[in-house]
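Quick caveat: nothing in here was measured; it's all calculated off a predicted structure.
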Amino acid sequence: MTPDETRAPTDRLGLYAYLQAREHMRTYLAIMRLFTATLLADLSAGDVAAALASAERDGRVDRGESRIENVITRLRQLVEWGNLVQGRREVVAASIAEFQHGSVRYQISKLAVRVQRDVDELLRVPEGAREVSRELLPAIERGLNQLGKSLATAVQQEQRDPDSTASARARELLAEQVTTLFLQHAELAATVRDFYAYLGQVVTRHHLGADEISGFRNLLVEYIQKVVEDVLRQTPAIAEHLTGRFAAARPELLRLLGDPDLGAEVERARGRSAADWQELTDWFVDRPGRPSQVTVLREATARAIGSLLASVKRATAGGGLLPGRRAELLKLAKWFDDGTSQDGARMYAAAFGLYSARHLLPAPEHDSDDERTPWSEGPVCDVTVSVRSRSDRGARGRTSRIMDDPITEQSLLAEARQADELRAADVAELAAAAPNLDQATLSPGALGVLCELLTLAMAQRESTKDAGSAEDQVRGLVVRVEYAEGVTTRVRSTGGTLTLRDSTLVLSGGGT
């Protein structure tokens, strides 16, 4: 087994250690980029040292990092973290040292390739918003439509002659369409997540300039409206494909896409398992207790518009916080960044009235950064609203006294005890009626508790033929609903009758 296969899931986080190494981080990053630059990279310490020599001349790594003894130390550390794997190869060497340096080869592990690939992609991402790939929505709908036709053709060809060329070609076309469909959906979902992450980052800021408010207004009113309209327009057709006749034929699709030559430990492409299709369906279709991503997108848009309106209201109100001091604070921060240490001390004293102090007591323990951490990379200090808007560091108002209201406290405790007693009585009634639930007549409170647990139990069902259960965590009453074709369960109460078709209801626990 490879090291990736024996590594525990939590231990895999050690693969990111080289990105936050206290020392030689640039060297580790250069080495990992060297191993991911080509396929099946098999390099010795000498090969890595030769590659780091040019990086050292360009200033991309520290001086002396290309020396062979330093390179060996860095490679061994990456092996310890799990990013590299050691191997050996027969070499012709003129000395023992050359043999040691050349015979030990290093290869990159599978998971480390993904880590470095994601790191390079993250470093290339700009800070602005990402365009949503709206054009993929109709492509997904067309792909599902074509996939249904291709599946029917593949099944017919297999029934005629499973070993024929036409049958193999039909399965290949089916696999091609499934892969394309999931790639399109992955790109659409990624662009939506990135766009709304950026949107949440900017609209929740308390202080926005007039030009920023105008730009975000156009972004929300025009662009987001197009995105939401396109998603809502295409979702019904996509949902119909995913939950209609194609859903019933999905097991046949998975059977045709199965490859007996690949073992169970092989990571298959998307769309080859039932979980992949369920995830795709959940993106477009709501389920009890699990809103779809389309619903989440619509709610996020409403929240973003509400946040923008609140910012506009603060900016246009006569007694608001504008004009603010955000521009001045940014200018001051730039002065700190461009100045020397002596200039920074003088500006700090002049801007904030804070001067150096003499400590007569031992210095406190340092619990955040250290003396080697630049101030720009240290912990962020939150600027209060009064300083940000009015350049005022004074406290506003007095601290409110903590009021002791024993009458209100006792009344709230009495209400809580009464509610707990009613709940206990309702659960006890259900537990007593559990053996003959179809013959009992429940009170409105007991029926409410039953409906509450029944809703949670049904939310766990993937389909109507699955079973689901829910438990009252305090008193242990368990409600389980199971599929039973042709069986009708009726639960009577003083306020009406609850009817469940093709289902049985089982109650247990709760003091029984």
Quiz item: At their closest point, which heavy atom of Thr504 faces which heavy atom of Thr489, and how far apart are they?
Solution: CA-OG1, 3.6 Å

Quiz prompt | Under 3.5 Å donor-acceptor, Thr235 side chain and Arg233 backbone | solution = no

Quiz item: Quick one: do the Thr179 and Arg272 side chains pair a donor with an acceptor below 3.5 Å?
Solution: yes

Practice problem: Verify, without hydrogens or angle tests, whether Glu429 (side chain) and Ser443 (backbone) share a donor-acceptor contact under 3.5 angstrom. | Solution: yes

Quiz prompt | Main-chain N/O of Ala170 paired to Thr153 side chain as donor or acceptor, under 3.5 Å | solution = no

Exercise. Check for a donor-acceptor pair, side chain of Asp286 on one end and backbone N or O of Pro291 on the other, with a separation under 3.5 Å.
Key: no

Quiz prompt | Electrostatic pair Glu252:Arg255 at N-O distance under 4.0 angstrom | solution = yes

Exercise. Sort and list the pairs that fulfil ring-ring contact (aromatic ring centres under 6.0 Å, His included) and have at least one residue in residues 281-309, not counting sequence neighbours.
Key: His185-Trp283, His185-Phe284

Exercise. Step through it carefully: locate the ring centre of Trp277, locate the ring centre of Phe182, and say whether they are under 6.0 Å apart.
Key: yes

Quiz item: Will you find, in the side chains of Gln177 and Ser150, an N or O donor that is under 3.5 Å from an N or O acceptor?
Solution: yes

Quiz prompt | Any donor-acceptor N/O pair, Arg250 side chain to Leu242 backbone, under 3.5 Å | solution = yes

Practice problem: Would you check if Tyr28 and Asn83 make a side-chain contact, meaning some heavy-atom pair closer than 4.5 Å? | Solution: no

Give every donor-acceptor pair under 3.5 Å between a side-chain atom in residues 134-142 and any protein atom, sequence neighbours left out.
unit_1 : atom_1 : unit_2 : atom_2 : d
Arg134 : NH1    : Asp230 : OD2    : 2.4
Glu141 : OE2    : His241 : NE2    : 3.2

Quiz prompt | Any side-chain donor near an acceptor of the partner, Ser463 and Asp466, under 3.5 Å | solution = yes

